[in-house]
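Notes follow once the structure below has been shown.
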Amino acid sequence: MGKRAVLAIVGQVITPTVLLRPIAASEYSQWRTRADATFAAGIGPARGLDPEAALTLARAEIDKLLVDGPGTEDHLIWIACTGDEPVGSLWIWTKPQVPFVFGIEVDSERRGRGYGRAIMLAGEAECRARGYAQLDLNVFTNNRTAVGLYESLGYTVVAQQMRKQL
């Protein structure tokens with residue numbers, strides 16, 4: 001019998017069910033490569049950086065945050081799974097009073113199927129279980145898919161950074 005995803009209905013949106021598990025040490029290098037590239041893809045255009053400079057900046061910023069890799073205190077890096085099959089990841093910093101989502105990723109072949117929503121809902125549940133009442137994140141405005149997802153989940157703008165080209 002083949003594997004199948006279990007679906008949950010949230011409002012009118014069908015969302016696959018995912019479970020979050022801590023990242024294994026053996027998975028960290030591959031996860032880190034994707035995290036660097038994802039951050040670079042967002043920060044590069046926002047700061048007018050070429051791809052190489054954006055990747056250098058991304059690596060340096062993540063190095064500062066994850067000084068002890070996956071064992072860095074107050075940083076939770078999870079692999080999201082449907083059954084035993086990984087479908088994405090979630091990285092949340094819990095040191096501040098309000099936890100902060102540093103990264104969410106859905107495997108490229110699974111995008112557009114509700115996994116981003118499922119991962120965020122699972123992360124929210126984890127934060128609630130740890131006693132938190134709020135969850136913060138930043139999103140680049142050119143990432144319309146992510147902005148739409150967060151808005152549909154009830155996230156609201158609490159600060160806005162603006163820029164003008166001179």
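For Arg128, there are no salt bridge (Lys or Arg N to Asp or Glu O under 4.0 Å) partners, not counting sequence neighbours. Among residues two or more places apart in sequence or in another chain, the salt bridge (Lys or Arg N to Asp or Glu O under 4.0 Å) test is passed with Glu105 by Arg34, Arg111. Every residue two or more places apart in sequence or in another chain that forms a salt bridge (Lys or Arg N to Asp or Glu O under 4.0 Å) with Arg59 is listed here: Asp36. For Glu61, the salt bridge (Lys or Arg N to Asp or Glu O under 4.0 Å) partners are Lys64, not counting sequence neighbours.
Taking 4.5 Å as the limit, some side-chain heavy atom of Val101 sits within range of a side-chain heavy atom of Leu90. Proximity of Thr82 to Tyr115: side-chain heavy atoms (C-beta onward) are separated by under 4.5 Å at one or more points. The closest side-chain heavy-atom distance from Arg32 to Asp63 is below 4.5 Å. Proximity of Thr94 to Ile92: side-chain heavy atoms (C-beta onward) are separated by under 4.5 Å at one or more points. Counting only heavy atoms from C-beta outward, the side chains of Arg117 and Ser152 approach each other to under 4.5 Å.
When atom types are taken as modelled, the side chain of Thr38 and the backbone of Ala35 share no donor-acceptor pair closer than 3.5 angstrom. Checked by atom type and distance alone, the side chain of Asn143 pairs as donor or acceptor with a backbone atom of Ala146 at under 3.5 Å. With Ser89 contributing its side chain and Trp78 its backbone, the two residues share no donor-acceptor pair below 3.5 Å.
Connection of Tyr132 to Tyr150 is not established within any shared hydrophobic cluster, with ILVMFWY side chains joined at heavy-atom distances below 4.5 Å, either directly or through further cluster members.
Summarising the local packing, CD of Gln30 is surrounded by 12 or fewer heavy atoms from other residues, nucleotides or ligands at distances under 6.0 Å.
When every heavy atom of Ala58 is checked against every heavy atom of Ala40, the shortest pair comes out as CB-N, 3.7 Å. Considering every non-hydrogen atom in both Pro45 and Asn142, the closest pair reads CB-ND2, 4.0 Å. For Val18 against Ala122, the heavy-atom pair with the smallest separation is CG2-CB, 4.0 Å. Considering all non-hydrogen atoms of both residues, Tyr155 and Met120 come closest at OH-CE, 3.3 Å. Closest approach of Gly123 and Leu20 over heavy atoms only: N-CD1, 3.7 Å. Shown here for Ala54 and Gly44, the closest heavy-atom pair between the two residues is CB-CA, 3.6 Å.
Note: Leu135 CG to Leu153 CG = 10.0 Å, rounded to the nearest 0.5 Å. Separating the NE2 atom in His75 from the NZ atom in Lys95 is a distance of 9.5 Å, to the nearest 0.5 Å.
Salt bridge absent: Arg113 and Asp107 never bring a charged side-chain N and a carboxylate O closer than 4.0 Å. Taking a cutoff of 4.0 Å between a charged side-chain nitrogen and a carboxylate oxygen, Arg21 and Glu27 qualify as a salt bridge.
In the hydrophobic clustering, where aliphatic and aromatic side chains (Ile, Leu, Val, Met, Phe, Trp, Tyr) are joined below 4.5 Å either directly or transitively, Ile62 groups with Ile23, Tyr28, Trp31, Phe39, Ile43, Leu49, Leu57, Leu65, Leu66, Ile77, Ile79, Trp91, Trp93, Phe100, Phe102, Phe140.
Sequence neighbours left out, not one pair with a member in residues 39-56 passes salt bridge (charged side-chain N to carboxylate O under 4.0 Å, His left out).
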